[in-house]
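The structure appears below as structure tokens.
Values reported hereafter were calculated over all heavy atoms of this structure, with side chains retained and with hydrogens, waters and symmetry mates removed.
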Amino acid sequence: MTTQIDKQQQEEQQHIAMIADVLRTKHDSIPADTVNRAVDEAYRRFDGQPIRDFVPLLVERRAQERLGGTPTAAPASLDD
């Protein structure tokens with residue numbers, strides 16, 4: 001039996017996979033494993049955070065920034 005939380009986690013992971021696809025296409029001059037690593041590292045920063053609604057958006061922004069895109073503001077609690 002799949003719970004609501006399991007469904008939310010699957011949906012979130014699907015969104016993250018789509019973000020990686022978009023960023024690999026957008027940054028086609030950067031090796032795919034580098035893009036995947038940037039997305040994965042951005043995604044792991046949100047492990048254990050209870051509010052998950054905006055994780056895909058925040059992951060996309062942080063990975064984009066890391067890959068040389070326009071920097072975006074992040075909440076102070078998530079800054080390095």
Side-chain angles (χ1 to χ4, degrees):
M1 180 181 203
T2 304
T3 66
Q4 182 65 24
I5 292 172
D6 292 336
K7 289 180 185 179
Q8 288 172 337
Q9 288 173 340
Q10 288 174 346
E11 186 175 305
E12 183 178 280
Q13 290 171 355
Q14 288 173 342
H15 280 94
I16 299 304
M18 288 188 308
I19 288 166
D21 287 342
V22 168
L23 291 176
R24 280 192 305 271
T25 300
K26 185 173 185 177
H27 298 279
D28 60 352
S29 65
I30 298 174
D33 61 328
T34 301
V35 175
N36 292 340
R37 194 173 323 112
V39 171
D40 185 55
E41 289 172 2
Y43 187 42
R44 284 186 284 144
R45 290 184 57 81
F46 298 98
D47 285 350
Q49 300 296 320
I51 306 297
R52 307 299 299 182
D53 295 344
F54 300 103
V55 167
L57 174 65
L58 295 170
V59 166
E60 181 177 16
R61 288 182 178 179
R62 185 167 289 276
Q64 172 69 20
E65 183 178 327
R66 183 167 197 147
L67 295 168
T70 306
T72 57
S77 63
L78 298 176
D79 284 341
D80 292 340

Not counting sequence neighbours, which residues clear side chain to side chain donor-acceptor pair (under 3.5 Å) with Gln10? List them please.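 Expected list: none.
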Over all atoms of both residues, closest heavy-atom pair of Ala63 and Ala42: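 Looking at all heavy atoms of both residues, the closest pair is N-CB, 4.1 Å.
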Could you tell me which non-hydrogen atom of Val59 sits nearest to which non-hydrogen atom of Tyr43, and how far apart they are?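 Of all heavy-atom pairs spanning Val59 and Tyr43, the closest is CG2-CA, 3.5 Å.
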ILVMFWY network linking Met18 to Phe46, side-chain heavy atoms under 4.5 angstrom: no
Is the closest side-chain heavy-atom distance between Leu23 and Ile19 below 4.5 Å?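 Leu23 reaches Ile19 side chain to side chain.
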Side chains of Thr25 and Val22 in contact at under 4.5 Å (non-hydrogen atoms): no
Using side chain to side chain contact (heavy atoms under 4.5 Å, CB included) as the criterion, list what pairs up with Gln9, not counting sequence neighbours.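 If we apply the side chain to side chain contact (heavy atoms under 4.5 Å, CB included) test to Gln9, skipping adjacent residues, the hits are Ile5, Asp6.
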Test side chain to side chain contact (heavy atoms under 4.5 Å, CB included) applied to Ile30 - qualifying residues, sequence neighbours left out: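 Ile30 satisfies side chain to side chain contact (heavy atoms under 4.5 Å, CB included) with His27, Thr34, Val35, Leu67 only.
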Do any pairs count as a salt bridge (charged side-chain N to carboxylate O under 4.0 Å, His left out) and have a residue in residues 23-36, sequence neighbours left out, and if so which ones?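 Qualifying pairs: Asp21-Arg24, Asp33-Arg37.
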Under the rule for salt bridge (charged side-chain N to carboxylate O under 4.0 Å, His left out), what residues qualify as partners of Glu11, not counting sequence neighbours?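 By the salt bridge (charged side-chain N to carboxylate O under 4.0 Å, His left out) rule, Glu11 matches no residue at all.
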What residues, two or more places apart in sequence or in another chain, satisfy salt bridge (charged side-chain N to carboxylate O under 4.0 Å, His left out) together with Glu12?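 Checked Glu12 against salt bridge (charged side-chain N to carboxylate O under 4.0 Å, His left out); matches are Arg52.
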